[in-house]
Amino acid sequence: MSEKEEDVKLIGSWASPFSRRVEMALKLKGVPYDYSDEDYLVTKSPLLLQLNPIYKKVPVFVHKGKVLLESHLILEYIDQTWRRNPILPQDPYDRAMARFWAKFVDEQVTLIGFRSLIKSEEIDVAIKEAQELITYLENEITGKMFFGGETIGFLDMVVGSMIPFCLVRGWEGMGIDMIPKEKFPELNSWIEKMKEIEIVRECIPNREKNIEHMMKIVGRIKAASKAA
Amino acid sequence: MNQEEQVQLLGLWGSPFSKRVEMVLKLKGIPYEYIEEDVYVQKSPMLLKLNPIHRKVPVLVHQGKSIAESLVIVEYIEDTWKTSYPILPHDPYERSMARFWAKYVDDKVMLTLWKACLGPESEREKMVEEAYEGLKCLEKELGDKQFFGGETIGFIDIAADFIAYWFGIAQEASGVMIMTGEKFPKLQRWSENFVGNSIIKEVLPPKQKLLALFKAQFGNDPSK
């Protein structure tokens, strides 16, 4: 097999939690990859549109000439293909729970989280709703070093990329302290531990740039909903 | 059988999500205790305890632990009972593609099909168009295979159970005709193969009961 076909290619975006979590997994497993950044707020590249005509989104993962979409699926593929430093639990029940919580974060928490960012009135209600969901994660991390146990895993990458290193920046931009230490001591402690890990740090978007980016997205969503 | 080994499934007779799990349990020959939850009437204390976050069925209970979300449950069953009737392909790429299409059915297709039948008039045209797009993608993906899984029923087929059975009944109840044999011959053939399978047949809810339920939900207004 030629060198080219073995190559891993990732089309992502510096600000996308979905793409950053894939980078975390690749780095953890020591898999070299060719990275191409999409500033998706500006324009979608012809390469992206060619490889992902259905969703037109990042991340797009290419290995041995085959294309994979959807961050959770890509993470599972990476885990099955490069066996060192496994990111999904071995036990079927723990694995099911990791998948369940990942779905919960990306579907429920993200939805309510974004909702709280775009609301101008009833912000207290939105904050309360979001915090109720985040409490489930606080309970889940209690008594553990990481969601994955002793070392970071699939769920740490999903929660990490989405909450502290994406949504929180949005909340900061809006002046909201969504996960204060008094209410969420375990999550905050986990965030600090995550920041200490080099490969995680390498995959966190710059804070100021991220806040600015999140505010742009919020602006866009608000404008779109006014136009609708 | 050891009490801890017993599998329990909290389900709803008419739910395609609940049936996905039953189909897999039956295909793999796993005995289970079925508990009907009429979630629209009253959620039982058992359900609220086992699935406090979503308070929905299906919920699988095994070895004293509970799992929610139909496709998460199916993967759990696959991981736990490995030797009988594999639902997912072995190859990592094929496995990912199976998951991708199952997710596509769940996220993109099911809701638009349902809304095309039931949604408000104002959204109807847009939903019908999206429904066509979704079905076209699936028709292409299926190609000339007997099932999405190849020669045997697999993960995508299970995820698409709504399309194979429920949707036809919903079309009948609503008068909306999107998925026809002429427009989607491959999906039509697939539906027949799926519904005709001896194990799947055992699990499907009775047509007349579903038809009555859908008619009640859509109302009898022919213009809807």
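Naming: A, B, ... by sequence-line order, numbering from 1 per chain.
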Colleague: Can you confirm whether more than 12 heavy atoms, excluding those of A:Lys144, are under 6.0 Å from its NZ atom?
Modeller: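 Above 12, so yes.
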
Colleague: Step through the shown structure and confirm whether more than 12 heavy atoms of other residues, nucleotides or ligands are within 6.0 Å of NZ on A:Lys181.
Modeller: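 No, NZ of A:Lys181 has 12 or fewer neighbouring heavy atoms, counting only those of other groups under 6.0 Å.
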
Colleague: Looking only at heavy atoms and a cut-off of under 4.5 Å, which of A:Glu107, A:Gln80, A:Lys103 has the most pairs with chain B?
Modeller: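 Heavy-atom pairs under 4.5 Å are most numerous for A:Gln80.
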
Colleague: Let me know if A:Glu132 has heavy atoms under 4.5 Å from chain B in its side chain, its backbone, both or neither.
Modeller: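 Answer is neither: A:Glu132 stays 4.5 Å or more from chain B.
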
Colleague: Between A:Arg95, A:Glu70, A:Lys66, A:Glu76, which shows the greatest number of heavy-atom pairs under 4.5 Å with chain B?
Modeller: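 With the most close heavy-atom pairs to chain B, the winner is A:Lys66.
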
Colleague: Identify which of A:Asp79, A:Val67, A:Thr81 forms the greatest number of heavy-atom pairs closer than 4.5 Å to chain B.
Modeller: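 With the most close heavy-atom pairs to chain B, the winner is A:Val67.
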
Colleague: Do you know the tightest heavy-atom contact between A:Pro92 and B:Tyr76?
Modeller: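 Smallest heavy-atom distance, with atoms named: O-CD1, 3.4 Å.
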
Colleague: Do the two ring centres, one from B:Phe100 and one from A:His72, sit under 6.0 Å apart?
Modeller: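 They do not qualify: ring centres at least 6.0 Å apart.
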
Colleague: Is B:Arg95 close to chain A through its backbone or its side chain, or both, or neither, when contacts mean heavy atoms under 4.5 Å?
Modeller: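 The side chain, not the backbone.
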
Colleague: In this structure, are over 12 heavy atoms from other groups packed under 6.0 Å from A:Glu150 atom CD?
Modeller: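 For A:Glu150, atom CD is not crowded (no more than 12 foreign heavy atoms under 6.0 Å).
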
Colleague: Can you tell me which portion of A:Tyr136 sits under 4.5 Å from chain B's heavy atoms? Options are side chain, backbone, both or neither.
Modeller: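 Looking at A:Tyr136, just its side chain touches chain B.
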
Colleague: After noting the C-alpha distance and the side-chain angles of A:Leu69 and B:Tyr104, does the key distance pass the side chain to side chain contact (heavy atoms under 4.5 Å, CB included) rule?
Modeller: CA-CA 11 Å; A:Leu69 310 170; B:Tyr104 182 75; over 6 Å; no

Colleague: Enter the distance from B:Lys65:NZ to A:Asp91:CG here, rounded to the nearest 0.5 Å.
Modeller: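 These two atoms lie 5.5 Å from each other.
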
Colleague: Step through the shown structure and confirm whether more than 12 heavy atoms of other residues, nucleotides or ligands are within 6.0 Å of CD on B:Glu36.
Modeller: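 Yes.
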
Colleague: What are the two closest non-hydrogen atoms of B:Ser96 and A:Leu73, and how far apart are they?
Modeller: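 Result for this residue pair: O-CD1, 3.7 Å.
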
Colleague: Does B:Lys126 NZ have over 12 foreign heavy atoms under 6.0 Å away?
Modeller: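 For B:Lys126, atom NZ is not crowded (no more than 12 foreign heavy atoms under 6.0 Å).
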
Colleague: Going by an N to O cut-off under 4.0 Å, is there a salt bridge joining A:Arg99 and B:Asp79?
Modeller: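 Judged by the 4.0 Å cut-off on N to carboxylate O distance, A:Arg99 and B:Asp79 do form a salt bridge.
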
Colleague: Tell me whether B:Arg189 at atom CZ has more than 12 heavy atoms from other residues, nucleotides or ligands lying less than 6.0 Å away.
Modeller: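 Enclosed.
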
Colleague: Mind running side chain to side chain contact (heavy atoms under 4.5 Å, CB included) on B:His54 and A:Gln108 for me, showing each step along the way?
Modeller: CA-CA 10 Å; B:His54 302 301; A:Gln108 268 93 355; 3.1 Å; yes

Colleague: Give a yes or no on whether B:Glu202 atom CD has more than 12 heavy-atom contacts from other residues, nucleotides or ligands under 6.0 Å away.
Modeller: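 Enclosed: over 12 neighbouring heavy atoms sit under 6.0 Å from CD of B:Glu202.
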
Colleague: For the candidates B:Ile73, B:Leu71, B:Val72, which exhibits the highest count of non-hydrogen atom pairs separated by less than 4.5 Å from chain A?
Modeller: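 Of B:Ile73, B:Leu71, B:Val72, B:Val72 has the most heavy-atom pairs under 4.5 Å with chain A.
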
Colleague: Between B:Ser66 and A:Met97, which heavy-atom pair has the shortest distance, and what is it?
Modeller: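 Looking at all heavy atoms of both residues, the shortest contact is O-SD, 4.2 Å.
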
Colleague: Mind checking the CE-OH spacing from B:Met97 to A:Tyr77? Nearest 0.5 Å is all I need.
Modeller: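 Between atom CE of B:Met97 and atom OH of A:Tyr77 there are 11.5 Å.
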
